[in-house]
Novice: 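I have a structure I would like to understand better, so I am pasting it below and will then ask my questions one at a time.
Owing to the predicted nature of the structure, the values given are computational and were not obtained by experimental measurement. FYI, the numbering just counts along the sequence from 1.
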Amino acid sequence: MLRGSIVVWVLLLLGLALGQDTRVVNILDPSTAYNREVTRLLIWVSVFAALIFIVVTGALTYTVIKFRRRGNEQGEPPQFHGNDRLEIIWTVIPTVIIVIIFGLTAQSMIANARFPAGAMTVKVTGYQFWWDYEYEGLGIRTSNELILPVNKPVIVEMTSKDIIHSWWPASLVGKQDAIPGITTRLHFTPEKEGTYYGQCAELCGASHSRMRFRVIVVSQEQFDRFVEGAKGFQAPAATDPTLAKGQQLFNQQCAACHAVKGTANEANRVGPDLSYFGNRTTVGAGLWENTDTYLIPWIKNSPGVKPGSKMPPFPQLSDEDARAIAAYIKSLKIEGLDFEGLPQF
């Protein structure tokens, strides 16, 4: 009975492991020089670890088998002081290995710490439980989905407005803490177009595991189109009755916290910037697809679907009202941008 239960639990755990989306965390993805450097170092460390495991396990197995109790022993076995030569060898070899790993680690750290010239700078601010992005020198602000051009070095300067967070798009670069009152930096150059999954890597509250984001790497042409559209963005006139109703409800219920470029509330920073929300692929800081199925419940009761969310519930809104607001904010988009067909990493 116990053995059967153990087998069931092992199979369940194996199923869960195989069912995980391995794209979310992959530090070995060769999409950047940073990750390739980390992979190189990991291979060296793994080789040394495997050699040490084989030697130690082999020596232990040999000793156990050779000197096992056979039943015909008489008296006490011969006693000896030790082997000075052997002790020197097993002291020198680990020391050499440590020195080699130290040198390789220092080499990788120096290579990854060298900030590139001519890089684009993006300021990242962490909030419970979402991310704010501001493109330095471009006058563009967005939230949760960072759009970058391929083969362009970027410097990420990050901080936090509440507690410590950690910004980590594992397939692109290592994690870096976002600390209140302090600016930390990292850099990378994305070399493949695609959508890269990111996650807060510092325990920060009830929805820490749901503080996700996307880094969307596009062609230079697509990025230029985004910059041009974002710089001159104006909220479209709501001529459709549903959009007009959604705009009115948005101004009454949402505009106090959320910025929309080209409107009276474009400077608001309490909540995520919604200027180009219609171009977003996700809702809830990377949690769900940007469809009415998820967006309407999010509008009506954000804390109900994401514990700890600072956005208050709106019980006074009917489904029809929430649908109108959803239609309005999804109309806020830069035409000509489509990220749905990008590879996922």
Side-chain angles (χ1 to χ4, degrees), residues 21-46 104-127 129-136 138 142-160 164-179 182-204 208-209 211-220 223 226 281-282 285-286 339 342-345:
D21 189 346
T22 56
R23 298 171 302 180
V24 175
V25 176
N26 183 10
I27 64 171
L28 304 183
D29 192 300
S31 299
T32 60
Y34 184 102
N35 274 5
R36 289 195 295 275
E37 194 67 41
V38 170
T39 301
R40 183 185 71 90
L41 181 60
L42 179 61
I43 290 172
W44 274 103
V45 173
S46 298
L104 292 170
T105 302
Q107 186 180 52
S108 295
M109 291 178 67
I110 291 170
N112 284 336
R114 197 175 293 120
F115 279 73
M120 177 176 62
T121 299
V122 178
K123 295 181 178 179
V124 177
T125 304
Y127 295 81
F129 297 96
W130 58 281
W131 300 94
D132 183 82
Y133 302 118
E134 188 171 353
Y135 295 79
E136 188 177 75
L138 296 178
T142 186
S143 304
N144 295 321
E145 294 187 5
L146 177 62
I147 302 170
L148 296 175
V150 69
N151 294 323
K152 173 75 173 179
V154 58
I155 296 174
V156 179
E157 297 184 348
M158 62 191 69
T159 187
S160 170
I164 297 177
H165 301 285
S166 186
W167 195 77
W168 189 26
S171 297
L172 290 172
V173 71
K175 66 184 74 171
Q176 178 64 64
D177 282 352
I179 305 170
I182 296 175
T183 298
T184 55
R185 294 174 178 84
L186 56 77
H187 67 89
F188 61 95
T189 302
E191 299 174 7
K192 285 194 299 185
E193 295 181 32
T195 299
Y196 295 85
Y197 289 65
Q199 173 72 52
C200 177
E202 188 75 39
L203 183 60
C204 58
H208 156 68
S209 64
M211 189 173 171
R212 303 176 189 174
F213 61 93
R214 302 287 185 269
V215 177
I216 300 174
V217 180
V218 297
S219 66
Q220 186 65 53
F223 182 75
F226 162 68
T281 61
T282 60
F339 308 129
L342 291 172
Q344 309 291 307
F345 299 100

Novice: Testing the basics here: between A33 and N112, what is the closest heavy-atom pair and its distance to 0.1 Å?
Specialist: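 Heavy atoms only, the tightest pair is O-OD1, 4.4 Å.
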Novice: To the nearest 0.5 Å, what is the distance between CZ on F129 and SG on C200?
Specialist: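 Here the rounded value is 9.0 Å.
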Novice: Report the C-alpha separation of V124 and F213 in whole Å, then their side-chain angles, then the decisive distance to 0.1 Å, and conclude whether the side chain to side chain contact (heavy atoms under 4.5 Å, CB included) test is met.
Specialist: CA-CA 12 Å; V124 177; F213 61 93; over 6 Å; no
Novice: Which heavy atom of K192 sits nearest a heavy atom of V217, and at what distance?
Specialist: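 In this case the closest contact between K192 and V217 is O-CG1, 3.5 Å.
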Novice: Answer yes or no: is there a donor N or O on one side and an acceptor on the other, between the side chain of H165 and the main chain of W130, under 3.5 Å?
Specialist: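 No, H165 side chain to W130 backbone: no donor-acceptor pair under 3.5 Å.
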Novice: Taking atom OG1 of T184 and atom CD1 of I164, what is their separation to the nearest 0.5 Å?
Specialist: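 The CD1 atom of I164 is 10.0 Å from OG1 of T184, to the nearest 0.5 Å.
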Novice: Looking only at non-hydrogen atoms, find the nearest pair between T159 and A178 and report the distance.
Specialist: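 Result for this residue pair: O-CB, 3.3 Å.
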Novice: Does the Q344 side chain pair with the main chain of L342, one donor and one acceptor, at a distance under 3.5 Å?
Specialist: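 A pair under 3.5 Å: yes.
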Novice: Any side-chain heavy atom of F223 within less than 4.5 Å of one from V150?
Specialist: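 F223 vs V150: side chains apart.
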Novice: Got a donor-acceptor contact below 3.5 angstrom from the E145 side chain to the T281 backbone?
Specialist: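 Yes, E145 side chain to T281 backbone: donor-acceptor pair under 3.5 Å.
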Novice: So, for H208 and A201, which heavy atoms are closest and what is the spacing to 0.1 Å?
Specialist: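 Shortest heavy-atom contact: CE1-C, 3.9 Å.
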Novice: Please answer whether the main-chain N or O of K152 pairs with a side-chain N or O of T189 as donor and acceptor at a distance below 3.5 Å.
Specialist: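 No.
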Novice: Is there a donor-acceptor pair under 3.5 Å between the side chain of T32 and the backbone N or O of V173?
Specialist: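 Absent.
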Novice: Please tell me if the side chains of Y133 and V215 come closer than 4.5 Å, counting only heavy atoms from C-beta onward.
Specialist: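 Y133 vs V215: side chains apart.
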Novice: Between E157 and K123, is the closest basic N to carboxylate O distance under 4.0 Å?
Specialist: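 Result for this pair is no, no salt bridge flagged.
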Novice: Which distance, rounded to the nearest 0.5 Å, do you find between the CG of L28 and the OG1 of T39?
Specialist: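 Nearest 0.5 Å value for the CG-OG1 distance: 4.5 Å.
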Novice: Ignoring hydrogens and angles, tell me if any N or O in the side chain of Y135 forms a donor-acceptor pair with the backbone of I147 under 3.5 Å.
Specialist: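 Answer holds: yes.
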Novice: Show the numbers, then the answer: is there a side chain to side chain contact (heavy atoms under 4.5 Å, CB included) between S31 and F188?
Specialist: CA-CA 10 Å; S31 299; F188 61 95; over 6 Å; no
Novice: Output yes when a side-chain donor or acceptor of H187 lies under 3.5 Å from a complementary backbone atom of T121, and no otherwise.
Specialist: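 No; zero donor-acceptor contacts below 3.5 Å.
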Novice: Start with the C-alpha gap between S143 and D132, add the side-chain angles, then the distance that decides, and say whether side chain to side chain contact (heavy atoms under 4.5 Å, CB included) holds.
Specialist: CA-CA 4 Å; S143 304; D132 183 82; 3.8 Å; yes
Novice: Kindly determine whether Y34 and L186 satisfy side chain to side chain contact (heavy atoms under 4.5 Å, CB included), including the steps that lead there.
Specialist: CA-CA 10 Å; Y34 184 102; L186 56 77; over 6 Å; no
Novice: Quick one: does N35's side chain have a donor or acceptor within less than 3.5 Å of a partner on A170's backbone?
Specialist: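 Yes.
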Novice: Working to the nearest 0.5 Å, report the span between OG1 of T282 and CZ of R212.
Specialist: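 So the gap between those two atoms works out to 10.0 Å.
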Novice: Would you name the heavy atoms of P149 and Q220 that are closest together and state the gap between them?
Specialist: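 Shortest heavy-atom contact: CB-OE1, 3.5 Å.
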Novice: Taking N144 for its side chain and W131 for its backbone only, find out whether a donor-acceptor pair lies under 3.5 Å.
Specialist: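 Yes; at least one donor-acceptor contact below 3.5 Å.
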Novice: Any sub-3.5 Å donor-acceptor pair from E202's side-chain atoms to Q176's backbone N or O?
Specialist: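 Pair absent, no side-chain N/O of E202 close to backbone of Q176.
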Novice: Nearest 0.5 Å, what's the OG1-CD distance between T105 and E37?
Specialist: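 That separation rounds to 10.0 Å.
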Novice: Identify the two heavy atoms, one from A117 and one from P153, that lie closest to each other, and give their separation to 0.1 Å.
Specialist: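 Minimum heavy-atom separation between A117 and P153: O-CG, 4.4 Å.
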Novice: If you draw the axis of the six-membered ring of Y196, does the NZ or CZ of R214 fall within 45° of it and under 6.0 Å from the ring centre?
Specialist: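 No, cation not above the ring by the 6.0 Å, 45° rule.
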Novice: For residues D177 and S166, determine if any side-chain heavy atom of one lies less than 4.5 Å from a side-chain heavy atom of the other.
Specialist: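 The answer is yes, as the side chains (C-beta and beyond) meet within the 4.5 Å cut-off.
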Novice: Could you tell me if the side chain of V218 sits less than 4.5 Å from the side chain of F226, heavy atoms only?
Specialist: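 Of all side-chain heavy-atom pairs linking V218 with F226, none is under 4.5 Å.
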